[in-house]
Q: 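Please read through the structure below; I'll follow up with questions.
Residue numbers start from 1 in every chain, and the chains themselves are labelled A, B, ... in the order their sequence lines are given, proteins ahead of strands.
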Number of protein chains: 2
Amino acid sequence: MDQNNSILSEIFKGISFPNNEIDLIESKLETINLKKGDTLLRADETVLYQYYVYKGCIRTYYIDKYGKEHTLQFAINDWWISDYTAFFSTEKAIMHIEVLQDAELYRISKKDMEILFTETTQLETFFRKKMEKAFASFQKRILSNLAASAKERYVSFRTTYPNIEQNVKNYHIASYLGITTESLSRIRKELTQD
Amino acid sequence: MDQNNSILSEIFKGISFPNNEIDLIESKLETINLKKGDTLLRADETVLYQYYVYKGCIRTYYIDKYGKEHTLQFAINDWWISDYTAFFSTEKAIMHIEVLQDAELYRISKKDMEILFTETTQLETFFRKKMEKAFASFQKRILSNLAASAKERYVSFRTTYPNIEQNVKNYHIASYLGITTESLSRIRKELTQD
DNA sequence: TTAAAAAATTGACCTATGGTAATAAAATTA
DNA sequence: TAATTTTATTACCATAGGTCAATTTTTTAA
């Protein structure tokens with residue numbers, strides 16, 4: 001198939017694959033359609049896939065010993081998502097993955113990724129660079145949690161992810177920022193008063 | 001050179017390189033010896049290298065707008081360290097890197113890494129996997145900051161990194177945990193009373 | 001389009017951790 | 001080993017953000 005007509009040109013933007021590889025890669029990608037509220041993964045499950053978000057909004061969250069939810073990541077169009085700690089190891093999932101807005105995803109299995117990596121170095125480079133970017137954004141998140149107040153983190157979240165805020169509930173954002181929904185509400189009030 | 005006598009067998013444990021590659025890789029690694037208190041990198045500098053810690057103890061920290069330090073990572077034997085956000089991009093460093101115990105390091109430049117990646121896929125795979133592990137540990141750190149109390153985080157730090165605690169000051173640990181040195185002191189007192 | 005459910009806001013009060021300052025202990029260095 | 005500097009501890013008070021409970025607003029579904 002011609003790559004120009006293929007989802008590959010969206011997912012792996014910037015890479016042009018030899019024709020013989022395109023069909024192989026496409027054969028490893030599986031489409032999934034999910035509805036708002038659906039669960040993609042639960043803690044304790046085995047994590048076989050990572051997911052490319054073509055449409056919709058997804059979040060990964062952790063449930064602590066008190067039953068409290070903590071949002072690790074949101075994903076919208078053109079993001080990859082999974083419980084990577086489990087996906088990269090042989091551990092079971094610790095995260096839950098939930099659909100916040102009707103979603104169209106492509107999934108690829110760990111096994112197939114390894115096969116593809118041996119076929120085409122470009123793909124391994126692509127995912128290595130994705131990982132570097134994700135690592136960098138986690139680093140910024142850690143520093144922001146250490147150095148910034150709740151209010152500052154919220155303002156920064158809004159400017160960094162304006163497209164996410166529209167898709168999610170305030171209590172999702174609060175659980176991402178590490179504060180309660182009541183605190184977020186007070187912060188929002190202060191901000192409108194400024 | 002025979003890989004068995006080479007630092008390569010330590011740094012890239014588990015990979016056996018073809019003989020013709022060993023000299024090439026070694027030619028890209030540079031030894032650096034530093035004293036306690038030395039600075040390896042300052043914010044605003046260009047980050048050309050990543051560093052393999054063969055001996056000693058290193059930390060990366062961020063200085064916020066109030067002048068307060070926040071430790072992002074410690075590194076001891078067999079860890080790689082850099083300001084990765086800058087190293088992987090074209091941005092200037094936001095981190096400082098400081099030597100906490102006399103250190104023997106090997107550094108490799110970004111440019112040389114790219115050259116080596118085109119020579120040998122094994123190296124790219126090695127660094128991709130390193131990055132996956134580092135990403136996973138940052139994920140755990142974020143969740144721990146969201147879900148655990150200062151006391152829990154300290155206890156967890158001690159059990160996860162028993163070899164680091166010996167090498168660093170309490171205020172380094174406090175700034176890693178996101179608390180003041182006074183709070184850490186109170187927590188330590190409580191723990192001895194238990 | 002209305003009823004029911006879910007989400008957000010607000011107020012009163014509470015708690016974990018921060019700030020300051022003084023002292024003690026430990027580590028350097030002379 | 002004595003002197004000096006650095007680090008850690010402690011006490012007292014301050015505050016950001018949490019908890020609980022009531023209410024309002026928004027969303028969803030009948």
Q: Less than 4.0 Å between a side-chain N and a carboxylate O, is that true for A:E182 and A:R186?
A: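 Salt bridge between A:R186 and A:E182, a charged N being under 4.0 Å from a carboxylate O: no.
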Q: With heavy atoms under 4.0 Å as the rule, sort A:G178 into base, sugar-phosphate or nothing.
A: sugar-phosphate
Q: CD of A:E190 versus P of D:dA16: gap in Å, rounded?
A: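 Spelled out: CD on A:E190 to P on D:dA16 is 9 Å.
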Q: Which whole-number value in Å describes the distance from A:E182 CD to D:dT23 P?
A: 16 Å
Q: Would you mind telling me which of C:dT10, C:dT17, D:dT9 lies closest to the side-chain atoms of A:K189?
A: C:dT10
Q: In whole angstrom, what separates B:L184's CG from D:dT7's P?
A: 14 Å
Q: Heavy-atom nearest nucleotide on DNA chain C for A:Y171 versus B:R186: which residue maps closer to 5'?
A: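 It is A:Y171 whose nearest nucleotide is closer to the 5' end.
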Q: Within less than 4.0 Å of OP1 or OP2 of D:dG17, is there a side-chain N or O belonging to A:S183?
A: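 No, outside the criterion.
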Q: Quick one: label A:T181 by what it contacts on the DNA or RNA (base, sugar-phosphate, nothing), any heavy atom closer than 4.0 Å.
A: base
Q: In whole Å, I'd like the distance from the CD1 atom of B:I179 to the P atom of D:dT15.
A: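 The answer, rounded to whole Å, is 21 Å.
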Q: Can you tell me how the ring of B:F127 sits relative to the ring of B:F117, calling it parallel under 30°, perpendicular over 60° and tilted otherwise?
A: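 Rings of B:F127 and B:F117: tilted, as their planes differ by 30° to 60°.
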Q: Using whole Å, report how far CD of B:E165 lies from P of D:dA8.
A: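 Nearest whole value for this atom pair: 11 Å.
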Q: Kindly say if B:K36 contacts the phosphate of C:dT28, meaning a side-chain N or O under 4.0 Å from OP1 or OP2.
A: yes
Q: Send over the distance from B:N145 CG to D:dG17 P, rounded to a whole Å.
A: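 Atom CG in B:N145 sits about 14 Å away from atom P in D:dG17.
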Q: Please check if any side-chain donor atom of B:Y84 sits under 3.5 Å from a side-chain acceptor atom of B:Q50, or the reverse.
A: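 Present: a donor and an acceptor within the cut-off.
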Q: In this structure, how many angstroms lie between the P atom of C:dT17 and the OH atom of B:Y154, rounded?
A: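 Checked: the OH to P distance equals 15 Å.
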Q: Can you see whether B:Y176 has B:R141 sitting over its ring - NZ or CZ less than 6.0 Å from the centre and within 45° of the normal?
A: yes
Q: Given that A:K169 and B:R188 both sit by DNA chain D, which one's nearest nucleotide is further toward the 5' end?
A: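 Its nearest nucleotide lies further toward 5', so the answer is B:R188.
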Q: Is a side-chain donor-acceptor pair under 3.5 Å present for A:S6 with A:E26?
A: yes
Q: Check this one for me: any side-chain N or O of A:T180 less than 4.0 Å away from OP1 or OP2 of D:dG17?
A: no
Q: More 5' along DNA chain C: A:N170 or B:R153, using each one's nearest nucleotide?
A: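 By nearest-heavy-atom nucleotide position, the 5'-most residue is A:N170.
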Q: What is the distance, rounded to the nearest whole Å, between atom CD1 of B:I187 and atom C1' of D:dT9?
A: 14 Å
